[in-house]
Structure formats: C-alpha cells, structure tokens
Amino acid sequence: TTEIYTLSLHDALPIFLGGEVQVPTMTGDVTMTIPPGTQNNKLLRLGSKGMPKPKGGNGDQYVRLMGMLPEHLSEKELELFRELKALREG
C-alpha cells in the first residue's frame, strides 16, 4: 500500500473552533486547515503525501487528529469554561 497513517497531537481549541495546524509529512511539514466542529480522533486525508507509487505519483497520508486539553488554566480561562458549560446545560 502507498498510504501512510499518522497521529498528530494539537491543542484542542484549533480542532474544536477550526483553524490551521502544522502536520509532518514525508517531505516536510504542511499546514492543514481544520474545519470548525471537527471531532477529536477524526481522520483527515492529505492527498498525494503518502508513499511513492510504483507507476508514479504518491499515495495519500491520513492524519488522525488528537486534541490535547489545556493544562494550568488561568482563573479567567476556568471561568470561561464554566460559562460555556452553563450555556450548554441551558
């Protein structure tokens, strides 16, 4: 197979809110755009970033995104998360 599967750890906020993250590939890091609302552990495809194909071209690279929860939150950050929780609980 010419496909590559990788695990990419990132801050959870760009995954949840959407944004750009750097992802390593065989030819160097690339910027991957993450759609808002992407779920943790989501598998995304980078076309033609996998292993070389015998007849030319490259396979695809599949990137499993893992969001890392923030550590050492400030009091303001904790308060904002509490507000978000209260909004979701209605």
| task | Under the side-chain contact (heavy atoms from CB on, under 4.5 Å) rule, what do Leu78 and Glu75 come out as? Steps first, then yes or no, please. | result | CA-CA 5 Å; Leu78 287 170; Glu75 192 56 43; 4.1 Å; yes
| said: Once side chain to side chain donor-acceptor pair (under 3.5 Å) is applied, do any residues pair with Thr1, and if so which ones, sequence neighbours excluded? | reply: none
| Considering residues at least two apart in sequence or located in another chain, which fulfil the side chain to side chain donor-acceptor pair (under 3.5 Å) criterion with Thr31? |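 Scan of Thr31 (side chain to side chain donor-acceptor pair (under 3.5 Å), adjacent residues dropped) gives Gln22.
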| query | Restricting to pairs with a member in residues 55-68, which pass salt bridge (Lys or Arg N to Asp or Glu O under 4.0 Å), not counting sequence neighbours? | reply | Arg45-Asp60
| Which pairs, with at least one residue in residues 19-42 and sequence neighbours excluded, count as a salt bridge (Lys or Arg N to Asp or Glu O under 4.0 Å)? |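 Found none.
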| said: Is there a side-chain contact between Ile4 and Thr25 in this structure, where contact means two heavy atoms from C-beta onward sitting under 4.5 Å apart? | reply: no
| Do the non-hydrogen side-chain atoms of Pro36 and Leu17 ever get within less than 4.5 Å of each other? |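 No. Closest side-chain heavy atoms not under 4.5 Å.
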| said: With a sphere of 6.0 Å drawn around CZ of Arg82, does it hold more than 12 non-hydrogen atoms of other residues, nucleotides or ligands? | reply: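 Check passes, neighbour count above 12.
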| message | Is it true that, when you exclude Gln39 itself, more than 12 heavy atoms of the residues, nucleotides or ligands shown sit nearer than 6.0 Å to its CD? | response | no
| query | How close do Gly50 and Asn58 get, heavy atom to heavy atom, and via which atoms? | reply |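 Looking at all heavy atoms of both residues, the shortest contact is O-ND2, 2.9 Å.
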| field | Residue pairs involving residues 4-62 (criterion ring pair (Phe, Tyr, Trp, His ring centres under 6.0 Å); sequence neighbours excluded) | value |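 Output for this query lists Tyr5-Tyr62.
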| task | Would you kindly confirm whether Leu46 and Val21 end up in one hydrophobic cluster when ILVMFWY residues are joined by side chain heavy atoms under 4.5 Å apart? | result | yes
| said: Run Thr27 and Lys49 through side-chain contact (heavy atoms from CB on, under 4.5 Å) and show every step you take. | reply: CA-CA 8 Å; Thr27 57; Lys49 294 294 182 184; 4.1 Å; yes
| task | Could you identify which residues cluster with Met68, counting Ile, Leu, Val, Met, Phe, Trp and Tyr as linked when any side-chain heavy atoms lie under 4.5 Å apart, either directly or through a chain of such contacts? | result | Leu7, Leu9, Met66
| field | Value rounded to 0.5 Å, distance of CG in Leu44 from CG in Leu65 | value | 5.0 Å
| Spacing of CD1 belonging to Ile15 relative to CG belonging to Asn41, to within rounding of 0.5 Å | 10.0 Å
